[in-house]
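Residue numbers start at 1 and run along the sequence shown. Keep in mind that this is a model prediction, so the values were computed, not measured.
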Amino acid sequence: MDLLDTLTAKGLRGEVPTREEALAVLATTDDELLDVVAAAGKVRRRWFGRRVKLNYLVNLKSGLCPEDCSYCSQRLGSKAEILKYTWLKPDQAAEAARAGVAGGAKRVCLVASGRGPTDRDIDRVTDTMAAIKDADPEVEICVCLGLLSDNQAERLKAAGADAYNHNLNTSEGTYGDIATTHTYADRVDTVQKAHGAGLSACSGLIAGMGESDEDLVDVVFALRELGSDSVPVNFLIPFEGTPLAQEWNLTPQRCLRILAMVRFVNPDTEVRIAGGREVHLRSMQPLGLHIANSIFLGDYLTSEGQAGQTDLDMIKDAGFEVEGAGEATLPRHRADVAEAAQAAGGCGTAASACGSGGCGPCGGHAHGAPAPEAVADAPPAGEPGNDELRSDLVKVRRRGAGTELAPNA
């Protein structure tokens, strides 16, 4: 297939496809799917070998967010039956983080609901990072606290944060359709602040919200221009009690095509399968590992993932290996750029000047932390077109951080 040969050749050289080529990936048929996965897999292995980076989420503060992001179970007015709790104490968060690290996670993602942190919140997170680093000085820490004010990114960097997550989520042209309490430009500003402070930029998207192929390509090219070191690809979990509860638009095949498009546009960037992989990729999750080089281990913020051991077994059975703490995630040429940027305390990426921002819990829309009670299935949503609805896979998290139950790691 000429398209895939062209995309593979470009990806192996670290070159970016055209918008038309990216759109063509999304338009391929199911009969061509394995060829698409194989082509993206060649690019993935060129830059990342067979390594899979594991990340672990700790939800520091859950629910009761004043923002109205339509996809989020923690949003203003959400009726989703998630756990709601205020800030975890540093020792509680550190205990949760240890479970993920013990399971093989190289990066811990500290997330808190809300529009953005106060200076006191920055102090809280600083204390939490110190507690985590005391137990394991080598662990990477990514922080996701929403919109940043001046000098907050610098404080997080000085306290030991390695990265800041703020997702673009969707294209600039359609952003107003999913949130009205802040703008796409606000997200851009936050990623600029984080990147300018020398933090690694972690910024991604959410697929399945009713967006067009053009929207997906727009946001992925915007992320590329941002110089994002890590691109989390979230697949919408249609939580009952949120405005997008009826949006069942994804099939496993569609998800794989989206991942492949993201990989071709970001050949040498960490691509992470984030929230919703169990719900939408289902039994085809191992194929996703041939495209992405990073996943979350265990549960998400307010939804459950599959068992942590199942994640590890899947990686091994698919012929991949967990990336070790001493291994560099990014290829050397990208790592050199990132290190130079951090040393200079600014952007310095090969992309445009810093770029756009995006919030969202380091793993997108999957959220929360519940109370110690039996796991409840989400109620059925609307008909998902030709795809059989799998509401049995949408489960609110009721274990781990914020509960008295052991975490899933």
Minimum side-chain heavy-atom gap K10-V16 below 4.5 Å: no
Shortest non-hydrogen separation from L250 to A207 and the atoms involved: CD1-O, 3.6 Å
Check: T29 and E32 side chains under 4.5 Å, non-hydrogen atoms: yes
With rounding to the nearest 0.5 Å, note down the distance linking CG in N234 to OH in Y71. 9.0 Å
So, using side-chain hydrogen bond (donor to acceptor under 3.5 Å, both in side chains) as the criterion, who are the partners of S283 when residues are at least two apart? none
Counting only N and O atoms by type, is there a donor-acceptor contact under 3.5 Å from the side chain of T174 to the main-chain atoms of D177? no
Quick check against the 3.5 Å criterion: does H280 have a side-chain atom that pairs as donor or acceptor with the backbone of L236? yes
Tell me the closest heavy-atom pair linking L199 and A161, and the distance in Å. CD2-O, 3.3 Å
If only side-chain N and O atoms count, and only distance matters, is there a donor-acceptor pair under 3.5 Å linking R155 with T126? no
Report yes or no: do T170 and D215 form a side-chain donor-acceptor pair below 3.5 Å? no
For the pair R44 (side chain) and A260 (backbone), establish whether a donor and an acceptor sit closer than 3.5 Å, ignoring hydrogens and angles. no
If you round to the nearest 0.5 Å, how far is CG of L223 from OG of S203? 5.0 Å
Residues in side-chain contact (heavy atoms from CB on, under 4.5 Å) with A22, at least two apart? V217, F221, M261, V265
Full working for side-chain hydrogen bond (donor to acceptor under 3.5 Å, both in side chains) between T242 and R75: CA-CA 8 Å; T242 65; R75 73 186 297 273; over 6 Å; no
Heavy-atom closest pair, residues L33 and Q253: CD2-CG, 3.6 Å
Under the side chain to side chain contact (heavy atoms under 4.5 Å, CB included) criterion, do V233 and L205 qualify, and how do the steps go? CA-CA 5 Å; V233 181; L205 65 141; 4.1 Å; yes
Could you pull out all donor-acceptor pairs under 3.5 Å where a side-chain atom in residues 311-319 meets a protein atom, sequence neighbours excluded?
unit_1 : atom_1 : unit_2 : atom_2 : d
D311   : OD1    : R277   : NH1    : 3.2
D311   : OD1    : R277   : NH2    : 3.0
D311   : OD1    : Q306   : NE2    : 2.7
D311   : OD2    : R277   : NH2    : 3.1
D311   : OD2    : G298   : N      : 3.0
D313   : OD1    : Q309   : NE2    : 3.0

Report yes if the side chains of Q152 and D121 come closer than 4.5 Å at any heavy-atom pair, otherwise no. no
Can you name the residues that form a side-chain contact (heavy atoms from CB on, under 4.5 Å) with D218, not counting sequence neighbours? R19, S171
Which residues satisfy the ring pair (Phe, Tyr, Trp, His ring centres under 6.0 Å) test with Y175, sequence neighbours excluded? H182
Nearest heavy-atom approach of I141 to L110 is CG2-CD1, 3.9 Å
Hey, is CD on E21 packed in by over 12 heavy atoms from elsewhere, all under 6.0 Å? yes
Between F264 and V25, the two heavy atoms sitting closest are CD1-CG2, 3.9 Å
So which heavy atom on P232 is nearest to which on A274, and how close? CB-CB, 4.1 Å
Close side-chain approach of S294 to N55, heavy-atom, < 4.5 Å: yes
Under a 3.5 Å distance rule, please check whether D68 uses its side chain to pair with a backbone N or O of T180 as donor and acceptor. yes
Answer yes or no: is there a side-chain heavy-atom contact under 4.5 Å between L148 and Y164? yes
Close side-chain approach of I295 to L54, heavy-atom, < 4.5 Å: yes
Taking only Lys NZ, Arg NE, NH1 and NH2, and the carboxylate oxygens of Asp or Glu, determine whether D213 and R257 approach each other closer than 4.0 Å. no
I'd like to know if the side chain of S200 reaches the main chain of A163, judged simply by a donor and an acceptor atom lying under 3.5 Å from each other, with no hydrogens or angles considered. no
Is there side-chain contact between Q285 and T310, with at least one heavy-atom pair below 4.5 Å? no
Per salt bridge (charged side-chain N to carboxylate O under 4.0 Å, His left out), E323 is matched among R51, R272, R50, K53 by R51
Is any side-chain heavy atom of V36 less than 4.5 Å from a side-chain heavy atom of L256? no
Gap separating the OH atom of Y56 from the CG atom of L297, nearest 0.5 angstrom: 7.5 Å
M129/L156 under side chain to side chain contact (heavy atoms under 4.5 Å, CB included): CA gap, chis, key distance, verdict: CA-CA 9 Å; M129 288 193 292; L156 290 170; 4.2 Å; yes
Is there a donor-acceptor contact under 3.5 Å linking the side chains of D5 and T8? no
List the steps and the verdict of side chain to side chain contact (heavy atoms under 4.5 Å, CB included) for L259 and F235. CA-CA 10 Å; L259 286 171; F235 301 111; 4.0 Å; yes
Salt bridge present between E67 and R115 (N-O < 4.0 angstrom): yes
Atom pair CD/OH of Q92 and Y85 - distance to nearest 0.5 Å: 9.5 Å
Taking atom SG of C142 and atom CD of E140, what is their separation to the nearest 0.5 Å? 9.0 Å
Does E211 form a side chain to side chain contact (heavy atoms under 4.5 Å, CB included) with I206? I'd like the steps, not just the answer. CA-CA 10 Å; E211 69 283 335; I206 303 174; over 6 Å; no
Drop me the distance from L7's CG to L12's CG, to the nearest 0.5 angstrom. 10.5 Å
Taken in chain and number order and not counting sequence neighbours, the residues that satisfy salt bridge (charged side-chain N to carboxylate O under 4.0 Å, His left out) with K193 are D150, D189
